[in-house]
Each structure stands twice: as structure tokens, then as C-alpha cells.
Amino acid sequence: MTHYKSDFLNTLSQRGYIHQCSDFEGLDALAAQRKVVSYIGFDCTAPSLHVGSLVQIMLLHWLQQTGNTPIVLMGGGTTRVGDPSGRDESRKILSLEDIENNKHGIQQVFAKFLKFGHGPGDARMTDNAEWLTRLNWIEMLRDVGKHFSVNRMLAMDSVKLRLDREHELSFIEFNYMVLQAYDFVELAKRHGTNLQMGGSDQWGNIVNGIDLGRRMGTHQLYALTSPLITLSSGAKMGKTAAGAVWLNADMRSPYEYWQFWRNTEDADVGRFLKLFTTLPLDEIARLEKLAGAEINEAKKVLANEATALLHGHAAAAEAAETARKTFEEGAAGAALPTVNVDLGAGIGILQALVAAGLASSNGDAKRSIAGGAIKVNDEAVSNDKLMLDKSTLNADGAIKLSMGKKKHVLLKQA
RNA sequence: GGGAGAGUGUCCCGAGUGGCAAAGGGGGGGGACUGUAAAUCCCCUGCUUUACGGCUUCGUAGGUUCGAGUCCUACCUCUCCCA
């Protein structure tokens, strides 16, 4: 493994965060003096970030831990345009209201990973709507547009993909890369930013920013990208049956988040420990050596650490305890998802399953029962007309509804 | 403006052509085997208070027909070629 002078690059490289860099030596020299001011942009396309953005968040985290300055850029402006990278369909254009709401949802999560403030080394947050929405079209064309070669833009992957597949690329999207490049330059001027990081799909956009900076006379800018994290099975990370693994607790509870990590594939455990926890590398090396059933211990550590980073130690411990009770004792832990229903009049099993979110319709619920997937208080159900009422409550005052081995929901009297 | 083509099960890709709740994949869920893993095998993957019943689905709206995803008309959206 390459040795760098800076803690920053050493840490990143040892933990597997580096995919490409525009100039390792130059960046290393800056980082060794703790003079890196780096930003990552997050577009406001959803009310919460999901685990797919976690690598980027961790990049900022390590940047700060190694003495440099992170900047979180909210894409309040760029989201109005829509990044075409890696998509063969246009994003739908979001309303300004949605963007604003999404932004508020996304912002919260950064405080868990970064220390914000106004002192040296403290993280800042800014929003590119601040400058992008004030741009004047003609000025923009003269000052910035003249530096962009359409020939080159057409050759960029994000554009080429659309053209090759004969999918539409609207002019608004075509401009995204110009805005992102401009952001980099603007941040260089405003905050002395000298590095932009991002996922490997952002490489082209970031390098454009470096070019623009040179032409517009900023200090030297750098690019660093992280690899796209896929599961060993090849699937994209962060999508499960129930949708994306959101980071905000109101969209995905700490228990469910813990479960996500607990269910990591064997082959991914070591890599994920490095990327998504802050455990020391020698400790990770030890955990990685566990084989066979013992690797479950490593998965628990991964789940605990990753959950603690996001939701705090208390929530992680509660999730772990609930998992232990539920899976190792077969009981029901307190942090299981809970749904309140009126049991006074009784409720049919089908409706109960739908209410609990374990089935999308009565028909779906019926199929699950026919397939032997459903248990009530750990007893298999074969009758889809079963009624649940207060007499079904177990000793803890709840009805434990299970679908398969992993999904459990507690029903309680409303 | 002229010409050619496309839009299918609301997760995706895709066959289909007068009898269709509509082939096949992928993805997803469940079961078996396990270690809350992977791989493998099996089942399921439109709604509906039983259903060989009813209803809703193939871009939208009409029409022909006993019957339309399939034929006709208009419209919408997208792609390509020419201007």
C-alpha cells in the first residue's frame, strides 16, 4: 500500500476510500500541512440521504479527523436542474417547495458525523442556491460558458450514455456539469476550497471544475473520488425490499438500520468495517479473520458501530438488545416496530398484516399465509380468517406478528 | 413543417397479436438447507370479506367487434432521418 505523508490520504487509502485522484502528490502535500478545505455536494432529491451517501459523509468525517476542513454543500440550486450522471432517464423536476423540505431533512444528519462551528477546522455548511440563483444568463455565458467546449461535454460519460442509447438529454440537464464546475470555483473563492470529493461517477464533473478554476485563475484545485460501493453479489448498496436504507430515524428506525448492517454478506464484512465504522484497522483485521459462524460476531460489531455513528450508542445498544431477544431468545424486543390497532372489536389476520406493513393487500397477506410465512406469537398461521383480539395479547401485552424469520411487528391496543 | 419508429403487468427489461389477468427474465417476498451470510432447490409476485365470480390493467380518449394489448380514428410523449 502506498505511503503518504499526510494522515488524511493514508487513512483514506488504508480504509479503501480512494478510487481516483487528480494529483496525489500535490494533495498529499497540502493535507500534510492540514490545509485541505474540501467539499462534497449533496443534491436535495429526497427527504433523507440513504446509505449510498454514507461513503461521502465518511470522507468528510475523516477529512476533519485528520485536521482538515470539511464543507457540506447542499445542492439547493443544482437540484433545481438535476444531475444526469448515471441515469438514462431525466430526473423529474422537483418543485422548489420539495427541494426546500428535502434540504431540511438532509441537513440534520451531518451533525452526527461532523463538528460544525466557526473556528479553524470546524465544518461549514452552505447551499449553492446562494449563488446559482443569482446568476445572470448573459454574464454567465461570457464569464463561464466561454471556457466550456461542447465537443468535450458531448464526450463525457454522463452525456454520452444518453446519446448512445438514444435517450433524451434536455438542455437543462446538459447544464448541470457547468453549474457543478462553477460551484467548485465559487467555493474556492468564498471558502478557499481546494478539493472536491465525490463518488466515482462524479469524476468528470469534478475535473471540469478543476479546469474551469485554472481558466478563471483560482488556486490549484484537486479531485478525489471514492469507489462505487457494491455488494459482493453485485447489487447496488442501500436498496432493500422496503426501499432505500434511509439515514433519518423517522424514515428508518435505528433497529431497522442495525438489521441492515447485521445482514451484511460475509464477503463484505471487512470492507464495510473499514468504510462504515471508525474502528482501528488492527481491530478490523482481527474481526476479518473470523470465519464460518464466528463471522456473525464481526457483523454484530459492524451493526453496533455503524448504528452508533448515526444514531448514538444508546440507540445502537437498544437495537442490539432487541435483536438478541428476538433472534437468540425468540422473544420480542422493545425496539421492534410497533403498530397500534383497535383490538376491542377484534381484527382479522389479513387486515392486521396489512396494518403492520407486512403485506401490501389482503391478497398479498393471504398468499403469505398460504406460503407458510406468517406467525402470530410464534405460532404458524394457516387459517386466513383468524381473528385477533385482546385474548391474543401475549404476556407482554402485545401481539407479535412475524413474517418469515426476520420481520417482526408488535401489535398493541390503540 | 415532412418522413420513419416507439410507449405492455405503476420496480425494471421484455414477448405477444382478435379469446389475455397477458410468455420469459431480472429484482423482490416466502419455504427448504444454514450462521439473521452466500450458493442451490421449490413456491409466490393485479385488486376484491369465500370464489371455476366480480372488477381493474398494455401512453390518453373515442370507435369497429359477441369479444381489443392486438384492428380503425384523433390526441399526448419520446427517438431517429429530412427541412
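Throughout, protein chains are lettered first and strands after them, A, B, ... in sequence-line order, and every chain is numbered starting at 1. Because the structure is a prediction, the values reported are computed rather than measured.
- A donor N or O paired with an acceptor N or O is not found under 3.5 Å between the base of B:U49 and the side-chain atoms of A:Q351.
- In the model, A:E305 has no side-chain atom that pairs as donor or acceptor with a side-chain atom of A:T278 under 3.5 Å.
- Using N1 to N3 plus N6-O4 or O6-N4 for Watson-Crick, or N1-O2 and O6-N3 for G-U wobble, each under 3.5 Å, B:U10 pairs with nothing.
- Between A:Q180 atom CD and A:N208 atom CG the span is 8.5 Å, to the nearest 0.5 Å.
- Under the Watson-Crick or G-U wobble criterion, with both distances below 3.5 Å, B:A74 is paired with B:U60.
- Taking atom P on both nucleotides, B:C55 is separated from B:A68 by 13 Å, rounded to a whole Å.
- Taking the charged nitrogens against the carboxylate oxygens, A:R271 and A:D268 do have a contact shorter than 4.0 Å, which makes a salt bridge.
- Panel note: side chain A:D127, backbone A:G76; a donor-acceptor pair is recorded below 3.5 Å.
- Where A:A291 and A:G363 meet RNA chain B, the nucleotide closest to each residue was compared, and A:A291 sits on the side nearer the 5' end.
- Minimum atom distance to the side chain of A:S360 is reached by B:C47, of the listed B:U50, B:A37, B:C47.
- When each of B:G30, B:U36, B:A37 is scored by its nearest atom to the side-chain atoms of A:K299, the top-ranked nucleotide is B:A37.
- Phosphate contact (OP1/OP2 of B:A37, side-chain N/O of A:K406, threshold under 4.0 Å): present.
- For the pair A:N205 (side chain) and A:M177 (backbone), a donor-acceptor distance under 3.5 Å is absent.
- Rounded to whole Å, the separation between the C1' atoms of B:G16 and B:A21 comes to 14 Å.
- Using N1 to N3 plus N6-O4 or O6-N4 for Watson-Crick, or N1-O2 and O6-N3 for G-U wobble, each under 3.5 Å, B:U34 pairs with nothing.
- Under 4.0 angstrom from either OP1 or OP2 of B:U49 there lies at least one side-chain N or O belonging to A:N362.
- Base contact: A:I295 has a heavy atom under 4.0 Å from a base atom.
- If you check B:U36, B:G30, B:A37 against the side chain of A:E265, the one that comes closest is B:A37.
- A donor-acceptor contact under 3.5 Å is not formed by the side chain of A:D364 with the base of B:G29.
- A donor N or O paired with an acceptor N or O is not found under 3.5 Å between the base of B:U36 and the side-chain atoms of A:K300.
- For B:C44, neither phosphate oxygen OP1 nor OP2 lies less than 4.0 angstrom from any side-chain nitrogen or oxygen of A:S368.
- Along RNA chain B, the nucleotide closest to A:G371 and the one closest to A:R367 are compared, and the more 5′ of them pairs with A:G371.
- Of the side-chain N and O atoms in A:K405, one or more sit less than 4.0 angstrom from OP1 or OP2 of B:A32.
- The nucleotide B:G27 finds its pairing partner in B:U45, both defining distances of the Watson-Crick or G-U wobble pair being shorter than 3.5 Å.
- Using a 4.0 Å heavy-atom cutoff across all strands shown, A:G348 reaches no nucleic acid atom at all.
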